Each structure stands twice: as C-alpha cells, then as structure tokens.
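To keep things clear, I will list the structure first and then write my remarks on it.
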Amino acid sequence: MSQSTNNLASYIWSLADLLRGDFKQSQYGRIILPFTLLRRLECVLQASKAMFLEEAARVDKMDLPEEAKDKLLLRASGLSFYNTSKMDLSTLGANGIKDNLESYIQSFSKDAREIFEHFKFGEFLVQLDDANLLYKAVQQVKGADLRPEVVSNHDMGLVFEELIRRFAEGSNETAGEHFTPRDIVDLTTSLVFMEDDDALTREGIIRTIYDPTAGTGGFLSAGMEYVLSLNNDAVMRAFGQELNPESYAICKADMLIKGQEVQNIKLGNTLSNDQLATESFDYMLANPPFGVDWKKIEKDIKDEHSIKGHDGRFGPGLPRVSDGSLLFLLHLISKLRDTDKGGGRIGIILNGSPLFTGGAGSGESEIRRYILESDLLEAIVGLPTDMFYNTGIATYVWVLTNKKDPDRKGRVQLINGTDLYGKMQKSLGSKRKRMGEDDIRTITRCFGAFEPVAAQRLDKPEDAKSNRGRQSATPKTATPKTFAAKVFQTHEFGYRRLTIERPLRESYQFNDDRIAPLRFAPRPLHAIMQWIYDTYGTGWDEDGTDYGVLAAHEVEIRTHIKAEFPELKEKQIKDALDPKTWAAQLAILQQARAVQAKIGTDQHDDTNGYDAAVKATGIKLDAAAKKQITAAVSWKNPKAKKVIKKIHKNTPPDEYFGLFDVDGQTVEYKPDGDLRDNENVPLDPASNTTATVVEYFQAEVLPHVKDAWIDGSKRDAIDGEVGIVGYEIPFNRHFYTYVPPRDLTEIDADLDKVSAEIMALLQEVHS
C-alpha cells in the first residue's frame with residue numbers, strides 16, 4: 001500500500017475509537033466495513049446523481065415490472081449499482097437519523113442492498129442509535145473523500161483490504177474462518193501466476209479468476225492485483241462462492257468497490273450447490289476449511305458421484321465423510337479451462353491429510369491416482385506450522401495445471417519450505433510465524449527453476465527455547481533450519497498393494513471341555529445363557545420336560561440382563577428365555593457327544609480328514625449343527641497340517657499365486673485370516689506387472705515366510721492387474737534428516753549426575 005492509501009485506511013479505522021466501550025473489538029469491522037462501502041458508493045454516484053434522479057423519476061412513472069425498471073436504472077447509472085434516494089450522508093440530519101439512514105440504504109439497487117443485509121447492518125444501526133453514536137459515526141464517515149478521481153478503484157480496493165485485515169486480526173477467534181493471511185496469499189498467487197508472466201503482459205489480455213471458498217475475497221483481490229502489476233491494461237473477471245453470509249457480504253462489497261460484476265459472487269455451499277456450474281476458469285485459488293466433514297451434504301455428493309461419474313465433479317472417488325478437502329480439489333479440477341482454450345491453473349492450500357490418508361483403493365487414494373496419472377500436479381510446497389489464525393498444523397500449497405510445460409510433464413516437484421519463516425512479535429490467534437518477501441522469493445525461484453535443491457542451511461535464528469523446568473547440562477543440539485526441493489516422476493508416488501496369504505493349520509478334538517459350550521447358543525446369547533444355566537439350570541434333567549423352562553425366574557433374569565448385558569435387544573432376550581432355544585442347543589450337544597463316542601477324544605492335527613471322520617460315524621448333522629460343532633472342537637495350531645481348500649484338475653501349479661504341486665496334484669490351501677498381510681510394491685510402468693510382483697515377492701516375502709503366496713484374485717479395478725493400485729505423497733519422509741542420538745556415555749553421565757542430586761536431597765530430608 002502507498003502511504004496515502006494507508007493513511008486513508010487508518011482514518012477510516014479510527015471510527016473504532018468512537019465504538020470502543022460500547023461494542024466489542026470483534027464487532028468493529030461489522031460496522032466500519034459497511035459504512036466504508038456506503039461512503040464509497042455514495043462518492044461514486046455523486047457526479048451523476050442529479051441527472052440519474054431525473055431519469056429515475058421518468059422510469060418510475062412507467063408501468064413496467066420491477067425487473068425491467070431495474071435494468072433501465074442500471075443503464076442510466078452506467079454502473080453495476082444505483083441509488084434512487086435524494087438523500088446522502090450529509091443530508092440525513094440529526095433527528096430521525098436511523099430511519100433516514102435505513103431508507104437511504106433501501107434505495108440502493110438489489111446487489112448493493114443485499115450486501116448491507118448480509119452484514120446485518122440494520123441491527124448495528126439500532127445499537128449505534130441506542131448508544132447515541134449513530135450521528136457521530138455518520139459525521140466521521142462522511143469526512144472521508146472517496147471520490148473516484150481522488151481514490152481509484154485499485155487504491156480503494158487496497159484500502160478495503162487493509163480494513164478487512166484489521167477486522168480479521170481484531171477477531172482472532174473467527175479470523176481463520178474467512179481470512180487467509182496475506183503472506184500465504186502472496187505465495188500461492190505467485191506460484192499460480194508466475195508461469196504465465198509472458199502471456200499476462202500482452203495487450204488486450206482477459207483472464208478469469210475463481211475461488212470456491214471465497215471468504216472475504218483475499219485470493220481474488222491478490223490475483224487481480226498480481227495481474228494488474230504486470231499489465232495495467234489487462235481485464236480481470238472475478239468469480240467466487242462463499243458459504244458464510246458475512247464473509248460473502250465483505251467479498252461482494254470488495255468486488256463492487258473494484259468495479260467487478262458482483263453477480264459473479266455467489267452465496268451458498270459450493271459442493272452441494274455449485275452456482276457457477278457451467279463456468280470454467282483461467283486461474284483458481286482456494287483455502288478450503290481443513291478437516292471439515294461433509295455429512296450434511298452427503299446425499300448430494302454421493303448422488304453426483306454415482307449418477308454422473310466422471311461427467312460430474314466427483315467421478316474419481318470420494319474421501320471419507322470426516323474430511324472434505326479433496327472434494328474441493330476435485331471441484332477445482334472440474335473447473336479448469338479446456339487446454340484448447342488456454343488451460344487453467346490451480347493453487348489450493350490443504351493440510352497433511354490429503355497427502356497420505358487412505359490406503360490403496362480408498363477414495364482418497366483414487367483421487368490422488370487420478371490427479372497424478374492425469375499429470376495435473378505440478379508442485380507441492382510444505383509451509384511452516386503456526387501460519388494460520390485458527391490452527392497451528394502443518395499445511396501445504398498444491399499447484400496444479402492442465403497445461404504443463406514439456407520439461408515438467410510426468411514430473412512433480414516437492415519443495416520443503418517449513419523453515420522459511422520469521423517469528424512474529426505478537427501472535428494473532430494461532431498465527432505465530434510469518435513468511436517474509438525473501439522467503440516467498442526463495443520458493444518461487446525454486447519452483448520456476450523446477451530443479452532439485454540439496455538441503456542448504458538457512459541463515460535463520462534458532463527458535464527460542466523454553467526456560468521452564470530443569471535445564472540439561474548438555475542440551476540437545478538444535479536441528480539446523482534448511483531448505484530443499486526434490487523432483488519425482490509421477491509414478492514414484494504409486495504402489496500396488498498385494499495381499500499375502502498363509503495357509504490355515506487346524507487341529508480338532510472331541511473332548512468334554514470342547515463340546516460342553518455347545519449347550520449354549522453362539523454369541524450374542526452365549527454369555528447370558530451360560531449365566532442362566534450356572535444360576536438356575538445345574539439341576540435340570542436333560543431328559544425331563546422342565547429343561548430350559550425359565551418362566552419362574554424371568555423377572556430376576558431380566559433384571560440381571562439390564563444390569564450386565566444392556567446391549568441385548570428384546571428379541572435376543574426372548575430367545576434366551578425360550579425353552580425351544582435351550583432344547584435346540586441341547587440337541588446339538590447330544591449330537592456332538594454321539595460323534596465323540598464314535599471318534600474318541602484323541603487330538604487330530606490334520607483337519608483334512610475331519611469331514612470323512614464325522615461322516616463315517618453315520619450321525620447326520622444339518623448345516624447349522626455342523627458349523628457349531630466344528631467351531632467348538634477345532635482350533636488353529638501352527639504345528640498342524642495345512643487345510644486344503646480345493647484340489648484343481650487340469651490346472652498347472654503356480655506356487656507364487658497359491659497353487660501348489662502336492663504329489664502330482666495342484667492343491668489350493670485355505671488362507672488364515674489372522675496371518676494375512678499386505679505388501680506395497682513400487683509401481684514400475686516400464687516393467688511387466690506380474691514379473692515385478694513376483695520378483696518383489698521372491699526378494700521380500702519368501703525369505704521370511706516360506707509357505708506364503710500372493711492372492712491373485714485381488715486385482716485393480718482399473719488396469720485389471722494383480723494388486724490394488726494406491727498413491728500417496730509422503731512429503732515429510734522425503735525430507736527427513738537423520739539426527740544421531742547422543743553418545744551413551746553422555747547420557748549415562750547425565751543420569752549419574754541427576755541420581756547424585758536426588759540422593760543428596762534425600763539425605764537432607766532424613767537428616
């Protein structure tokens with residue numbers, strides 16, 4: 001900002017001195033911003049007001065619908081707004097000033113009037129009037145000369161931005177909801193626009209800029225400011241949508257002041273109700289909310305995903321409901337201008353979750369896959385922590401485009417700027433650090449060069465350490481602050497998740513201890529039936545008619561269930577009390593005893609003969625009884641024989657994929673779910689997938705588990721190859737610097753010293 005615009009912003013903000021005491025600091029902006037807008041609009045209309053009022057009177061006499069009148073009045077004003085009132089701030093008078101001011105505001109055109117409504121300006125006018133401050137506030141505001149010949153649209157935009165900044169910083173508790181810090185805005189804007197510097201300096205250039213989470217319009221303003229700094233004759237058209245009515249009002253006011261078409265700024269939820277659905281854009285900048293769930297709009301999102309697929313915004317996949325960040329990214333990608341029309345560029349700020357959350361096949365992984373395999377991602381910049389007003393978490397700037405330069409195709413740059421910051425003298429909410437111009441320049445130059453940068457030490461002071469508690473005599477060496485960048489092929493972030501199986505090994509034994517639990521139904525009834533039997537059934541005659549009859553004890557049983565088994569539903573309780581349930585379980589127990597009498601009580605470590613042994617007894621078991629009995633008498637035993645699932649005929653063996661040659665037969669074993677594991681094999685598009693998978697399996701799995709195999713049925717839904725493809729971007733892992741631990745002798749010396757101090761203190765206590 002120039003000194004004159006800064007002075008003007010300070011003069012306008014001095015209205016806060018009048019408000020102090022009667023209003024909270026967080027309310028100042030809600031009064032000052034609409035008053036500033038009101039004065040600017042009044043000054044813009046001032047020169048042609050007399051002529052416009054004559055035309056307005058003529059139009060008012062016409063028998064036309066309101067919409068037609070509005071169009072005629074807009075044409076008469078020559079602007080995107082008008083005011084039909086004969087009053088202005090100088091003629092409101094002291095008596096009845098509230099009513100006069102409200103009438104004056106209601107005389108504005110719809111778009112301008114709507115801004116004041118979303119500010120809830122009428123409520124503040126009542127409070128100002130009650131505090132006898134309204135007349136004084138109007139007198140101070142009208143003293144600002146905001147005529148276009150004195151303050152240009154560009155300078156007025158800067159003044160309004162400064163007022164927004166002061167408002168946001170004065171309400172730290174909500175600043176992060178609608179305001180992105182200026183240093184982050186400057187960095188993101190530079191990264192998105194710098195690749196088009198040549199194009200932006202041509203004559204007659206027209207560009208569109210869009211923010212789906214517009215907030216107060218900071219990104220839109222910064223983007224327009226960047227282009228105009230390169231080419232003052234360029235035409236920038238701003239588009240945006242915002243969910244918060246107050247932020248929407250500020251953004252719309254800012255765009256109105258800058259001479260933008262405010263109809264392009266929309267109010268509503270971008271994800272569930274895209275009000276710019278048919279538009280595409282040259283540049284897009286966004287700072288969507290971190291980790292906000294989308295449960296309220298889940299049906300809308302899932303319907304679009306399932307019905308429209310890739311013809312909609314969310315075709316590649318859906319992230320988990322608890323975090324909608326990647327939905328905003330997909331939304332932006334869908335808005336990229338077609339490459340034959342010049343393409344588009346995106347700069348979006350995200351937290352760490354979108355980099356790695358979700359395994360292979362998950363919605364998050366599939367979204368990353370789409371972005372990388374479509375070669376849309378250009379760079380990711382890691383930012384310092386504590387950069388935002390309402391959170392201190394790690395954040396990243398993603399830069400995407402569908403018009404990559406040839407030398408960038410198929411490659412992605414990671415830039416580690418986590419140490420590029422300076423400490424702020426005074427924290428603003430959670431914001432304790434700020435990126436300086438040199439820090440931003442370092443990142444943008446690195447991005448422009450698109451080359452790896454080996455870790456280089458920064459000339460930055462060490463962060464101040466806490467002086468609380470016991471201080472170590474040999475303090476830990478501070479990790480040096482560094483800057484680095486790496487360039488990767490897009491496929492290097494991908495992998496195939498293989499499912500590794502191992503054979504099930506089981507033993508079985510029909511002894512009394514194993515078949516006794518068959519008296520009770522399986523879970524969830526098992527525990528309560530066992531308690532009932534131990535309490536009331538030990539004297540039951542298995543051949544008698546009273547077995548399982550519990551009517552006399554129902555009240556006590558229900559009381560116990562309510563106290564100890566509250567998860568049981570009424571139907572389950574009735575089943576536990578039903579004599580038929582007890583009779584059915586007793587029948588299964590008696591069948592098991594009959595099998596026991598034939599087979600004996602010896603342990604068998606080969607369950608492949610189990611079915612034949614049971615069948616040989618001649619005792620017929622239905623499916624439910626056999627399932628319960630088998631579960632009761634068998635258990636996993638690593639020393640038992642492998643359980644055969646199937647013997648394949650006319651199928652050659654393939655031991656890597658679970659088909660084993662056993663005595664000339666191709667045998668497939670049952671897998672043990674408890675031993676199941678996954679392995680991630682790096683993607684290698686230059687090699688045959690099966691060969692790569694087998695080579696990895698031979699080198700990394702077989703040496704450790706000789707009887708393992710790859711589940712060949714788990715195949716990727718897109719390419720049909722073995723293994724599920726996944727993508728993740730482990731940003732921190734790529735920049736991790738190993739710091740060796742202190743020498744053990746130093747640690748022992750410290751421990752000895754502390755121990756001696758403790759012993760000395762204990763001796764003082766005892767003496």
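Nothing here was measured: the structure is a model prediction, and the numbers come from that model.
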Side chains of residues 248-256: which donor-acceptor partners sit under 3.5 Å, not counting sequence neighbours?
| from | atom 1 | to | atom 2 | distance (Å) |
| --- | --- | --- | --- | --- |
| Tyr248 | OH | Glu114 | OE1 | 2.8 |
| Tyr248 | OH | Lys252 | NZ | 2.9 |
| Lys252 | NZ | Asp111 | OD1 | 3.2 |
| Lys252 | NZ | Glu114 | OE1 | 2.3 |
| Asp254 | OD1 | Lys258 | NZ | 2.7 |
| Asp254 | OD2 | Ser221 | OG | 2.7 |
| Asp254 | OD2 | Lys258 | NZ | 3.1 |

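A donor-acceptor pair under 3.5 Å links the side-chain atoms of Asn100 to the main chain of Gly96, judged by distance alone. The backbone N or O of Leu128 lies less than 3.5 Å from no partner atom in the side chain of Asp22, so there is not a single donor-acceptor pair. With hydrogens and angles ignored, the 3.5 Å screen pairs no side-chain donor or acceptor of Ser325 with any backbone N or O of Leu350. Checked by atom type and distance alone, the side chain of Lys460 pairs as donor or acceptor with a backbone atom of Tyr421 at under 3.5 Å. Of the possible donor and acceptor atoms, one in the side chain of Asn402 sits under 3.5 Å from a partner among the backbone N and O of Gly344. Not a single donor-acceptor pair under 3.5 Å links the side chain of Lys136 to the backbone N or O of Val138. A donor-acceptor pair is defined here as one N or O able to donate and one able to accept, closer than 3.5 Å; such a pair exists between the side chain of Ser77 and the backbone of Phe81. Side chain of Arg40 to backbone of Met156: no donor-acceptor contact under 3.5 angstrom is found. Remark: the backbone N or O of Gln275 is paired with a side-chain donor or acceptor of Gln241 at under 3.5 angstrom. Side-chain atoms of Lys98 never come within 3.5 Å of backbone atoms of Asn95 as a donor-acceptor pair (strictly under, hydrogens ignored).
The closest side-chain heavy-atom distance from Asp70 to Ser109 is below 4.5 Å. With contacts defined as side-chain heavy-atom distances shorter than 4.5 Å, the pair Ile184/Thr395 does not qualify. Side-chain contact between Met435 and Pro384: present, with at least one pair of heavy atoms (C-beta onward) separated by less than 4.5 Å. Thr216 places none of its side-chain heavy atoms less than 4.5 Å from the side chain of Phe160. Between Phe52 and Leu73 the shortest side-chain heavy-atom distance falls below 4.5 Å. Arg434 has its side chain out of reach of Arg182: every pair of non-hydrogen atoms, C-beta onward, lies at least 4.5 Å apart. A 4.5 Å side-chain heavy-atom check between Arg432 and Met424 finds every atom pair outside the cut-off. Looking only at side-chain heavy atoms (C-beta outward), Phe314 and Leu271 come within less than 4.5 Å of each other.
Between Phe23 and Phe124, the ring-plane angle classifies as tilted under the 30° and 60° cut-offs. Note: His331 and Tyr210 have tilted aromatic rings, judged against thresholds of 30 and 60 degrees for the angle between ring planes.
Applying side-chain contact (heavy atoms from CB on, under 4.5 Å) to Thr188 and the options Asp183, Ile349, Val381, Ile348 leaves one that passes, Ile349. Among Asp186, Ile415, Leu191, Asp439, the one residue that satisfies the side-chain contact (heavy atoms from CB on, under 4.5 Å) test with Thr444 is Leu191. Applying the side chain to side chain donor-acceptor pair (under 3.5 Å) test between Thr208 and each of Arg337, Glu279, Lys335 identifies Arg337 as the sole match.
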Step-by-step side chain to side chain contact (heavy atoms under 4.5 Å, CB included) determination, Val192 to Tyr226
CA-CA 10 Å; Val192 170; Tyr226 187 96; over 6 Å; no
Could you walk me through whether Leu72 and Arg75 pass the side chain to side chain contact (heavy atoms under 4.5 Å, CB included) check?
CA-CA 5 Å; Leu72 288 175; Arg75 186 183 302 169; 4.1 Å; yes
Stepwise, does the side-chain hydrogen bond (donor to acceptor under 3.5 Å, both in side chains) test hold for Tyr104 with Asn83?
CA-CA 8 Å; Tyr104 180 39; Asn83 188 297; 4.8 Å; no
Intermediate values then yes/no, side chain to side chain contact (heavy atoms under 4.5 Å, CB included), Gln140 and Tyr11:
CA-CA 9 Å; Gln140 184 161 337; Tyr11 170 78; 4.1 Å; yes
Walk me through it: do Phe290 and Asp323 pass the test side chain to side chain contact (heavy atoms under 4.5 Å, CB included)?
CA-CA 7 Å; Phe290 302 145; Asp323 187 356; over 6 Å; no
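The CG atom of Asp293 lies 9.5 Å from the CD atom of Glu298; values are rounded to the nearest 0.5 Å. Taken from OG1 in Thr213 to CG in Leu332, the straight-line distance is 7.5 Å, to the nearest 0.5 Å. With values rounded to the nearest 0.5 angstrom, Phe167 atom CZ is found 7.5 Å from Trp13 atom CH2. Rounding to the nearest 0.5 Å places CG of Asp17 at 8.5 Å from OH of Tyr28. Here the CG-CG distance, from Leu38 to Asp88, works out to 10.0 Å after rounding to the nearest 0.5 Å. Taken to the nearest 0.5 Å, the CE atom of Met284 stands 4.0 Å off from the CD1 atom of Ile346.
Checked for salt-bridge contact, Glu54 and Arg58 miss the test: no charged N lies under 4.0 Å from a carboxylate O. Glu261 has no carboxylate O lying under 4.0 Å from a charged side-chain N of Arg237, or vice versa, which leaves the two without a salt bridge.
Counting all heavy atoms, side chain and backbone alike, Glu246 lies closest to Asn244 at N-OD1, 2.9 Å. When all heavy atoms are compared, the tightest approach of Phe219 to Ile209 is O-CD1, 3.9 Å. Closest approach of Arg207 to Ile205, counting heavy atoms only: NH1-CD1, 3.4 Å. Taking all atoms of both residues into account, the shortest heavy-atom contact from Ser190 to Ile440 is OG-CG2, 4.5 Å. The shortest non-hydrogen separation linking Ser90 to Lys142 is OG-CD, 3.9 Å. Contact record, Lys69 with Asp60: NZ-O, 3.6 Å, taken as the closest heavy-atom pair.
Residue-environment remark: CD (Glu67) stays at or below the threshold of 12 foreign heavy atoms within 6.0 Å. The number of heavy atoms from other shown groups lying within 6.0 Å of CZ (Arg113) is above 12. Counting heavy atoms of neighbouring residues, nucleotides and ligands inside a 6.0 Å radius, atom CE of Met51 does not exceed 12 of them.
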